[in-house]
Amino acid sequence: MARRPMHIVPLLGILDETHDTRTYRFRADFTAKPGQFVMVWIPKHDELPMALSYLGDPKGVTIREYGDATEAFAAESVKGDLVGIRGPYGNAFVIEGSRALAVAGGVGIASIIAAVEACADSGIEVETAFGARTEGELTFLDRLKRCGPVHLATDDGSAGHHGFVTDIAANLLAGRHFDMVLTCGPEIMMKKVVEAANARGIPVQASLERYMKCGIGICDACAFDEYLVCYDGPIFWGDVLAKSHDFGRWRRDISGRRVKV
Amino acid sequence: MARRPMHIVPLLGILDETHDTRTYRFRADFTAKPGQFVMVWIPKHDELPMALSYLGDPKGVTIREYGDATEAFAAESVKGDLVGIRGPYGNAFVIEGSRALAVAGGVGIASIIAAVEACADSGIEVETAFGARTEGELTFLDRLKRCGPVHLATDDGSAGHHGFVTDIAANLLAGRHFDMVLTCGPEIMMKKVVEAANARGIPVQASLERYMKCGIGICDACAFDEYLVCYDGPIFWGDVLAKSHDFGRWRRDISGRRVKV
Amino acid sequence: MASLGTEVAGVKLRNPTMLASGFLDETGGSMLRVHRAGAGAVVTKSIGPEPRAGNLNPTLYEFDVGLLNAVGIPNPGIAAYEEEVTYALRGGAAVIGSVYGRNAEEYAAVAKRMASYGVLAVELNLSCPHAKGLGTEIAQDPEAVEEITRAVKKVVQVPVISKLSPNVADIASFAEAAVRGGADAVTAINTVKAIAIEPELRMPILRNVYGGLSGPAIKPVGLRCVYEIYERVDIPIVGVGGIVTGRDAIEYLMAGARAVQIGTAILDRGIDVFAKVCAEMEAWMDAHGYAKVEDLVGVAHGA
Amino acid sequence: MASLGTEVAGVKLRNPTMLASGFLDETGGSMLRVHRAGAGAVVTKSIGPEPRAGNLNPTLYEFDVGLLNAVGIPNPGIAAYEEEVTYALRGGAAVIGSVYGRNAEEYAAVAKRMASYGVLAVELNLSCPHAKGLGTEIAQDPEAVEEITRAVKKVVQVPVISKLSPNVADIASFAEAAVRGGADAVTAINTVKAIAIEPELRMPILRNVYGGLSGPAIKPVGLRCVYEIYERVDIPIVGVGGIVTGRDAIEYLMAGARAVQIGTAILDRGIDVFAKVCAEMEAWMDAHGYAKVEDLVGVAHGA
Ligand SMILES: Cc1cc2nc3c(=O)[nH]c(=O)nc-3n(C[C@H](O)[C@H](O)[C@H](O)COP(=O)(O)OP(=O)(O)OC[C@H]3O[C@@H](n4cnc5c(N)ncnc54)[C@H](O)[C@@H]3O)c2cc1C
Ligand SMILES: Cc1cc2nc3c(=O)[nH]c(=O)nc-3n(C[C@H](O)[C@H](O)[C@H](O)COP(=O)(O)OP(=O)(O)OC[C@H]3O[C@@H](n4cnc5c(N)ncnc54)[C@H](O)[C@@H]3O)c2cc1C
Ligand SMILES: Cc1cc2nc3c(=O)[nH]c(=O)nc-3n(C[C@H](O)[C@H](O)[C@H](O)COP(=O)(O)O)c2cc1C
Ligand SMILES: Cc1cc2nc3c(=O)[nH]c(=O)nc-3n(C[C@H](O)[C@H](O)[C@H](O)COP(=O)(O)O)c2cc1C
Ligand code: FES
Ligand code: FES
């Protein structure tokens with residue numbers, strides 16, 4: 001069998017990004033592409049899919065306290081603790097075109113940040129529209145700004161545009177010509193971004209989140225239309241999403257039941 | 001695990017060598033050295049260790065009707081029948097020196113013939129002393145003669161020297177300088193050859209036969225002193241044999257009991 | 001050209017490869033995809049009376065030799081599952097419905113409802129080694145196997161296939177129990193009970209500690225079970241466990257299976273493992289003069 | 001530097017790696033060689049009351065994932081075996097004598113004689129899955145395990161180790177039976193019942209049809225058995241099944257074993273697999289701050 005080993009690695013450093021989001025750095029001997037994810041085993045708690053927010057050495061994941069496992073992890077973990085990492089899994093953002101717009105919401109930035117950097121590294125002009133609930137949740141701003149212009153939005157108006165990041169994205173798309181849109185964030189947000197890009201005929205890639213068990217395309221937990229988010233995704237193109245029955249509407253709960261996004 | 005596959009191969013041809021000995025040719029994708037053996041699965045009957053009497057393409061084994069399995073094989077098998085071959089196993093004759101003497105008894109020739117040819121191919125002058133019960137049991141004479149002088153002995157005097165091949169071997173060793181002796185045949189014969197060579201300080205290699213089950217050094221069926229014939233042998237040097245407790249004296253029966261050779 | 005068509009207890013299959021229960025079969029969309037990828041039939045995820053979350057992660061671990069899992073039979077429950085089966089059937093898939101329950105009544109109730117959705121047959125998962133309070137006990141008691149099979153037979157018209165566990169002393173006696181209960185066929189084997197330990201963390205890797213081993217490691221065990229069962233019962237056998245290639249499938253047929261299931265091999269060979277295995281079987285059969293699947297079934301017992 | 005010394009039921013071992021029964025232990029010469037290659041102890045081939053030829057070849061088949069065998073316990077019988085044990089003991093080997101019989105009396109008689117040769121302990125092979133009329137039934141009946149263990153305990157002074165089969169529904173209940181019979185330790189596991197089929201020849205490869213699977217394929221199963229037994233009994237456990245590396249051995253210790261046995265890995269790593277595994281264990285223990293074997297035993301149960 002093609003074995004994808006589990007790497008047991010110590011946490012090299014833990015950085016508070018916001019009040020509820022931390023970045024955990026580790027070394028693991030694999031190479032990953034922007035948008036790919038790993039399964040992170042938090043011993044005694046859970047194993048969760050996480051985008052790689054740092055692809056280089058050391059690698060990193062950026063985790064928001066969201067529920068039991070992530071809260072426990074944030075509360076208990078200290079530098080030197082061991083975690084299990086397997087991957088990288090899934091496809092990657094396709095880095096091409098000449099002017100790209102990245103649209104991120106919340107912790108979705110963790111998935112898209114490496115893609116923004118990859119754009120800049122390949123000489124693609126890249127702008128980012130980034131929204132969060134409040135200023136304190138806007139993270140990776142330095143890394144973003146190093147790559148190109150950054151446009152912010154907050155729900156409470158504490159920084160940037162007072163309102164949704166989708167408003168900024170719509171304005172940017174209306175104002176100048178982009179030939180690639182990348183997006184990651186809440187699915188409702190991505191749906192708007194995808195519709196906006198599709199409407200203008202701009203290729204768009206969105207990184208989806210679904211509940212995952214295996215991460216390797218066998219258990220069907222992450223089913224999405226006739227796709228598997230872990231295997232065919234997590235990144236899907238706008239034309240696929242336009243035809244999708246599930247996108248922005250349905251996800252599966254932990255027992256496989258169809259529930260509202 | 002390092003897998004040594006079982007090759008299922010059709011018999012390409014069956015050649016009567018003597019009234020009770022046949023050569024079976026087959027193609028199998030491995031390379032073997034002179035003196036190495038294979039385990040030959042004769043379906044429904046047994047699996048037996050056999051020296052490779054042909055190393056090239058097609059390969060071959062030369063089998064004497066000896067007991068149940070070999071008799072049944074001789075009686076039943078026809079061209080096209082499938083056999084299982086795994087190997088090659090064991091060590092090989094070391095082909096070195098400038099004047100070599102090969103001493104073979106009976107079907108022992110099957111193990112030594114490839115070594116004689118290898119000597120000739122490497123420019124080593126090689127003579128063969130070959131003994132059998134009767135003329136009809138002397139086989140591979142053409143192949144031997146192509147390599148160098150051949151001296152025959154038969155128990156009944158029907159060809160060559162009337163008597164033991166060990167007599168010829170002793171004479172040859174006395175008459176001129178050899179710097180390597182190779183031998184395969186009945187163990188009592190080999191013991192004499194080894195003693196004669198050791199007495200003159202000539203390096204000597206003898207190919208031993210023991211009952212084998214696994215052929216790969218784990219089951220202990222072929223134990224010989226603290227060696228395994230299948231793994232450390234089948235070829236042993238004269239100095240090892242000189243110190244041996246078992247050589248020429250003891251073998252193990254199928255249940256592992258020590259019995260007289 | 002060899003024909004791959006086969007039949008198991010009256011169920012006609014375009015080829016002998018089925019999707020094993022638990023792989024890409026929680027949703028109609030995935031089942032249809034596997035059907036399109038060439039599977040002769042798709043067996044659903046094992047479905048129970050109520051929705052079930054299964055175990056927390058980690059639920060899977062990849063060894064070199066196989067896969068360890070303790071997903072714990074997550075499933076949406078038989079009511080919600082109707083739309084999945086319907087979706088797959090509408091798309092043209094040949095669907096076999098796998099079910100489980102806590103006792104014979106539950107099995108019967110779920111199987112009845114499953115049958116009403118239009119599946120070709122029901123498979124009874126009598127054997128899950130890792131779901132606490134579910135399969136373990138059932139799998140290890142021949143009387144329970146008999147009773148459950150009988151209860152299900154009473155309430156469904158479609159063929160009933162009892163799927164057996166290898167984690168017993170004598171699997172063939174369980175096949176005999178299934179026959180007594182009226183089973184139309186048996187499937188063997190489910191996963192082999194196993195664990196994995198992570199030394200750095202000093203703990204078992206699976207959250208559930210115990211899991212089931214599948215993949216190449218268990219092929220010699222699955223083959224043995226099919227061979228043993230074939231010697232003891234006359235109903236058709238569906239072979240499963242570690243099948244990766246057409247040759248593996250042929251070995252299972254020769255051991256006595258009339259059809260095979262494939263799960264873990266999806267990892268190595270992708271979802272089109274079904275088409276690949278079929279192509280390999282066909283080529284092998286052509287090369288060796290076998291015209292149809294039936295000519296292979298059980299021939300290893302001849303010697 | 002971590003110390004590898006360990007103790008099983010009063011038997012002190014220079015390191016926790018033993019030669020598994022059935023490998024290079026039919027003759028004194030080979031046992032001594034394995035001792036010199038670094039094994040903490042060598043377990044003899046299973047010896048019975050009379051000489052036994054075992055099965056005809058083929059008796060072995062190599063899979064990618066493991067080894068299948070049905071050698072059928074060839075052995076020279078307990079009388080002739082004296083010289084082998086004596087040879088190994090004189091050379092300084094730590095020898096554990098493995099024995100079998102058709103019933104409790106035979107086990108006791110052979111064990112008594114084996115003990116009289118000076119072995120450190122006797123191991124009861126209660127579990128060979130392939131010798132017709134021998135292990136199969138015994139291995140699958142807890143009462144027989146208890147009775148045999150008790151009969152042997154009555155007649156020998158050295159520690160008695162009952163070796164268990166994984167081919168049962170609940171191996172820990174057999175460990176409990178061994179405890180009731182007075183066993184000083186248990187060894188787990190023997191091989192997993194399996195077969196191999198050769199499609200070209202339409203037949204099982206082993207002459208005996210059924211054999212036992214060993215090597216990497218069974219490591220997750222052996223680990224599980226040791227883990228289960230550790231949860232249920234308090235006597236020491238010797239772990240065996242698929243150990244190839246020091247890390248594998250450490251996993252077994254963490255699952256609850258106090259020593260391990262190695263067999264099939266000789267194929268891949270040579271006879272000095274014992275020294276290699278020990279070196280790897282030592283390096284790992286040093287790197288992770290474990291001073292002695294005891295600090296590893298059973299720690300995976302902590303969580
Ligand atoms: C490809 C991918 C990349 C992701 N990248 C990131 C990232 O970079 N940073 C980040 O903070 N989060 C990321 N997530 C989300 C993350 O995996 C978890 O969903 C989330 O952290 C749940 O945490 P929890 O277990 O503490 O919550 P829980 O208490 O378990 O549950 C809260 C909710 O989270 C969802 N959830 C729980 N477990 C999973 C799971 N295994 N997969 C998907 N959803 C789940 C459920 O819908 C549940 O209702 C990603 C998800 C996917 C699929
Ligand atoms: C390395 C090696 C190379 C050999 N090369 C040849 C060869 O080229 N040509 C050839 O004719 N023979 C060769 N032999 C001998 C051959 O393997 C068999 O021993 C012999 O053919 C027995 O045939 P049988 O099974 O018909 O006899 P059986 O009826 O089984 O027994 C006759 C006697 O043969 C011996 N024997 C049986 N099985 C084996 C076995 N597996 N291994 C060793 N001895 C056994 C036993 O001592 C037995 O008493 C070789 C043996 C070895 C170890
Ligand atoms: C992740 C996973 C989930 C499974 N779920 C089920 C299930 O719900 N019902 C069932 O009967 N078998 C289930 N099985 C067992 C498989 O159907 C099959 O018997 C086993 O995996 C052996 O086949 P394979 O080696 O081809 O995977 C599952 C196996 C795996 C690996
Ligand atoms: C060729 C062979 C012979 C064996 N003979 C015996 C035996 O005589 N007695 C016994 O208790 N176990 C016997 N076993 C089982 C081993 O002792 C061991 O339990 C099993 O091989 C698993 O360990 P491994 O994976 O390290 O080989 C034998 C195994 C093999 C492969
Ligand atoms: S998480 Fe299992 S298929 Fe995607
Ligand atoms: S034949 Fe098994 S060790 Fe040599």
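Chain A is the first sequence line, chain B the second, and so forth, proteins listed ahead of strands; every chain is numbered from 1.
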CG-CE distance between C:Leu201 and D:Met254, expressed to the nearest 0.5 angstrom | 9.0 Å
Roughly how far, to the nearest 0.5 Å, is CD1 of D:Ile250 from CD of C:Glu200?
-> 9.5 Å
Please indicate whether D:Glu231 has more than 12 foreign heavy atoms, meaning atoms of other residues, nucleotides or ligands, lying under 6.0 Å from its CD.
-> yes
Between C:Ala217 and D:Leu213, which heavy-atom pair has the shortest distance, and what is it?
-> O-CD2, 3.7 Å
Taking all heavy atoms of D:Arg247 and all of C:Glu198, pick out the closest pair and write down the distance.
-> NH2-OE1, 3.3 Å
Please round to the nearest 0.5 Å and tell me the distance separating atom CD1 of C:Ile197 and atom NZ of D:Lys219.
-> 9.0 Å
Could you pull out the closest heavy-atom pair between C:Glu251 and D:Pro199, with the gap in Å?
-> CG-CG, 3.8 Å
Which value, rounded to the nearest 0.5 Å, describes the distance between C:Arg224 atom CZ and D:Asn167 atom CG?
-> 6.0 Å
Winner by heavy-atom pair count (cut-off under 4.5 Å) against chain D, out of C:Leu68, C:Leu253, C:Val168 | C:Val168
Can you name the nearest heavy-atom pair linking D:Ala194 to C:Val221, along with the distance?
-> CB-N, 4.1 Å
Under 4.5 Å to a heavy atom of chain C? For D:Leu223 that would be both
